[in-house]
Protein chains: 2
Amino acid sequence: MSNTKVLPLLEPEVSETVAPCCPPLTERPFTAEEAETAARMFKALGDPVRLRLFSAVASHEGGEACVCDISDVGVSQPTVSHHLKKLKDAGLLTSERRGTWVYYRVEPSVLAAMGKLLTIAPAAA
Amino acid sequence: MSNTKVLPLLEPEVSETVAPCCPPLTERPFTAEEAETAARMFKALGDPVRLRLFSAVASHEGGEACVCDISDVGVSQPTVSHHLKKLKDAGLLTSERRGTWVYYRVEPSVLAAMGKLLTIAPAAA
DNA sequence: CATCTATGTTGACATACGTCGAACCAAGTC
DNA sequence: GACTTGGTTCGACGTATGTCAACATAGATG
């Protein structure tokens with residue numbers, strides 16, 4: 001623990017947690033398992049503060065943002081940290097410490113997956 | 001309160017509650033107000049049971065389903081009714097009684113609105 | 001090493017939420 | 001009218017959630 005850098009973490013552990021989820025909501029009734037998976041993602045975005053944090057990160061230049069850049073959402077700093085952790089646990093964000101600051105970035109595959117869920121009619125029957 | 005019928009309620013109060021919401025999450029940081037609105041919808045889908053019910057209705061023939069057709073999700077009937085009410089309050093479903101049965105149908109504009117929220121890059125800058 | 005700044009973690013608290021059984025309402029049937 | 005079936009509402013219960021203040025940790029800096 002002297003010179004080991006914390007950097008990359010290139011393992012795709014996060015992406016495989018969330019990317020392959022479920023068919024569009026309109027295609028067929030969700031199974032219990034699919035519903036559990038998908039609900040976890042929706043739930044993570046089901047809080048105004050988390051939604052603002054997520055949007056702040058997602059819209060930030062380079063697709064990533066330092067906590068210090070986005071923590072102005074009207075709640076205390078511990079609360080911000082708490083919500084960022086939840087978003088991370090849900091697989092929506094990843095974090096990385098670079099020097100003094102911690103940067104969060106969105107997991108793009110998740111947005112795509114959730115977007116597909118809400119597709120009206122993906123394949124004309 | 002003697003002969004006033006409860007029937008139609010044709011006012012488009014529901015649709016205007018949810019349809020025009022917010023820009024894509026990736027476009028700019030959400031305001032507090034936008035976050036409130038959008039979070040309400042995500043929250044409604046943030047429960048496995050509700051997600052199954054919603055999916056069941058959305059995927060049902062004709063875009064609508066009787067409660068009796070979709071209430072097999074592992075919880076009691078009052079709980080099903082409770083969740084359907086929540087989905088309705090969130091503007092995701094509408095209900096209508098036809099004779100003995102009550103039919104729920106999805107509000108299509110909502111799916112579209114939420115789908116847009118999750119768009120990665122709607123307009124190439 | 002002392003110390004300062006930036007984040008995360010813990011513990012406590014009030015509130016919201018999901019769930020059920022019981023009671024209730026609405027239509028249809030006898 | 002009484003009984004049956006479908007659905008909602010009510011009241012209660014346990015658990016999860018959002019929030020904060022206080023404390024802990026990680027780097028940077030002198």
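Throughout, a chain's letter reflects where its sequence line sits, starting with A, and its residues are numbered from 1. None of these values were measured; they are calculated from a predicted model.
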Any idea which heavy atoms bring B:Thr100 and B:Arg97 closest together, and the distance? O-NH2, 3.5 Å
Find out whether A:Leu25 and B:Val106 are in side-chain contact, i.e. whether some heavy atom of one side chain is under 4.5 Å from a heavy atom of the other. no
Base, sugar-phosphate, or nothing: which does A:Tyr103 touch, judged by heavy atoms less than 4.0 Å apart? nothing
So CG of A:Leu118 and NZ of A:Lys116: to nearest 0.5 Å the spacing works out to 12.0 Å
Please classify the nucleic acid contact of B:Thr100 as base, sugar-phosphate, or nothing, using heavy-atom distances under 4.0 Å. sugar-phosphate
I need the B:Thr26 OG1 to A:His60 NE2 distance, nearest 0.5 Å. 14.0 Å
Nearest whole Å is fine: how far is D:dT19 P from A:Arg52 CZ? 12 Å
Residue pair A:Tyr104 / A:Leu53, side-chain heavy-atom distance below 4.5 Å: no
B:Asp72 versus B:Arg52, closest heavy-atom pair with distance: O-NH2, 4.2 Å
With clusters defined by side-chain heavy atoms of hydrophobic residues (ILVMFWY) lying less than 4.5 Å apart, directly or transitively, does A:Leu93 cluster with A:Val75? yes
Distance-only, no hydrogens or angles: does the B:Arg40 side chain make a donor-acceptor pair with backbone N or O of B:Ala90 under 3.5 Å? no
Short heteroatom pairs, N/O only, protein and nucleotides 10-17 of chain D, under 3.5 Å:
from	atom 1	to	atom 2	distance (Å)
D:dT17	OP1	A:Lys43	NZ	3.0

How many whole angstroms separate atom CG of B:Leu84 from atom C1' of D:dG7? 10 Å
Reading DNA chain C 5' to 3', which nucleotide is the first, and which the last, to come under 4.0 Å of any heavy atom in chain A? C:dA6 to C:dT9
Rounded to whole angstroms, how far apart are CZ on B:Arg97 and P on D:dT5? 16 Å
Across the strands shown, which category fits B:Ser81 at heavy-atom distances under 4.0 angstrom: base, sugar-phosphate, nothing? base
